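All remarks here apply to the structure that follows.
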Amino acid sequence: MNTSPASSPFSTLYAALPRIAVLATGGTIAGSAQDATSTAGYQAGVVGVGQLLAAVPALSTVANIHAEQIASVDSKDMSLALWTTLVQRVNALLATEDIDGVVITHGTDTLEETAYLLHLTVRSTKPVVLTAAMRPSSALSADGPLNLLNAVSVAGHRAAHGQGVLVVFNNRIHSARDVVKTSTFAVDTFQSPEVGALGWVQDGRVEFQRSVVRPHTVATEFASGPASADAWPAVEIVTSYAGATRTIVDALVQAGVRGIVVAGTGNGSIHAALQQGLADAASQGVAVVRASRVGSGHVMHNGAASDDALGFVTANSLNPYKARVLLMLALAAGGTGPAELQRVFDLY
Ligand code: ASP
């Protein structure tokens with residue numbers, strides 16, 4: 001625990017050690033391989049939360065830990081049912097006076113989606129921090145143990161209050177709004193394109209260098225999100241590319257989806273054939289959101305020139321996967337029509 005005086009920016013909020021709930025969901029951080037040199041051929045989500053914590057004895061000097069095994073999944077298989085459980089459990093824990101913050105261990109593959117979901121649905125200003133690992137727990141230079149220690153240090157720090165949901169990885173603190181996975185193998189995979197990290201953590205020292213501008217957690221209109229797995233509106237993602245057709249869009253409309261996010265080329269531009277399919281979908285009441293497959297930057301709303309005429313909404317600086325999260329929450333909350341949905345995308 002940091003024992004600096006209360007006036008120091010590096011002191012904690014608590015007289016005693018902070019009480020942090022660690023919720024394990026699986027992922028590579030809980031992965032194990034046959035030998036220590038294997039960092040790609042391993043099984044994710046097989047090591048339990050007790051073993052994860054035992055591998056980091058220094059945790060006992062940073063926080064009093066309450067541990068729960070919520071799931072043991074490879075996050076490529078993250079489900080709406082598990083999202084519902086996670087949102088409800090995090091909110092229930094934070095509503096008690098016994099818990100000062102939450103750390104969630106997660107796979108890296110869909111971490112940015114879960115983090116953004118929580119950023120919009122957690123009903124507390126207490127810290128919520130997601131962390132993960134690129135190397136399984138059995139690997140040489142496994143990154144999970146230090147990431148976990150750093151995540152708990154941040155969750156127990158007063159500066160993390162009111163910052164929204166955070167992702168702590170490779171010594172950096174990112175906002176759930178901005179962070180994305182950028183490399184298939186590197187330990188610095190998580191980046192916040194255009195805006196950069198919020199701050200850093202090292203050897204128990206936590207420093208924020210900027211704060212989040214858009215509304216999150218207690219300031220959103222999404223309460224705790226859908227109450228059960230089947231209450232989530234069906235929203236799918238399609239991509240534009242050379243030679244794209246409208247076949248998938250027509251099949252999705254036929255299947256009754258409520259929304260489609262398109263990962264467009266460049267500034268969310270869409271192949272003419274696919275665009276016609278999406279315009280027809282929008283005219284039938286399907287919410288269509290234009291995002292970009294590029295990986296950084298934003299998608300400009302073209303207004304009367306085309307988006308308004310076609311009935312499209314634009315995703316601003318959300319990537320297609322985060323845009324899908326926001327669209328599902330907005331539709332579940334009763335949002336309808338391009339103008340109302342555009343308000344939501346411009347705000348969050
Ligand atoms: N497939 C793993 C997962 O997302 C990858 C990881 O955790 O790094 O669960």
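Below, all heavy atoms of this structure are taken into account, side chains as well, without hydrogens, waters or symmetry copies. Positions are given from 1, in the same order as the sequence printed here. Atoms within a ligand are numbered from 1 in the order they appear, just like the ligands themselves. Bear in mind the structure is a predicted one, so any value in this text is a computation, not a measurement.
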Exam field: side chain Asn267 to backbone Met300, donor-acceptor pair closer than 3.5 Å: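 Yes; at least one donor-acceptor contact below 3.5 Å.
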Has the side chain of Thr110 got a donor or acceptor atom that lies under 3.5 Å from a matching backbone atom of Ser75?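 Here the side-chain-to-backbone pair exists.
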Can you name the side-chain hydrogen bond (donor to acceptor under 3.5 Å, both in side chains) partners of Glu112, sequence neighbours left out?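 Here the qualifying residues are Asn319.
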My understanding is that only residues two or more places apart in sequence, or in another chain, count here; which of them pass side-chain hydrogen bond (donor to acceptor under 3.5 Å, both in side chains) with Ser269?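 Residues passing side-chain hydrogen bond (donor to acceptor under 3.5 Å, both in side chains) with Ser269: Thr265.
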Using a strict cut-off of under 4.0 Å between a residue heavy atom and any atom of ligand 1, list the qualifying protein residues by chain and number.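 Under the 4.0 Å cut-off, ligand 1 touches Gly27, Thr28, Tyr42, Asp74, Ser75, Gly107, Thr108, Asp109, Ala133.
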Qualifying salt bridge (charged side-chain N to carboxylate O under 4.0 Å, His left out) pairs with a residue from residues 240-249, counting only residues at least two apart or across chains: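 The answer is Arg246-Asp250, Arg246-Asp280.
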Among Glu221, Arg343, Lys322, which residue meets the side chain to side chain donor-acceptor pair (under 3.5 Å) test with Tyr348?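 The residue from Glu221, Arg343, Lys322 that satisfies side chain to side chain donor-acceptor pair (under 3.5 Å) with Tyr348 turns out to be Glu221.
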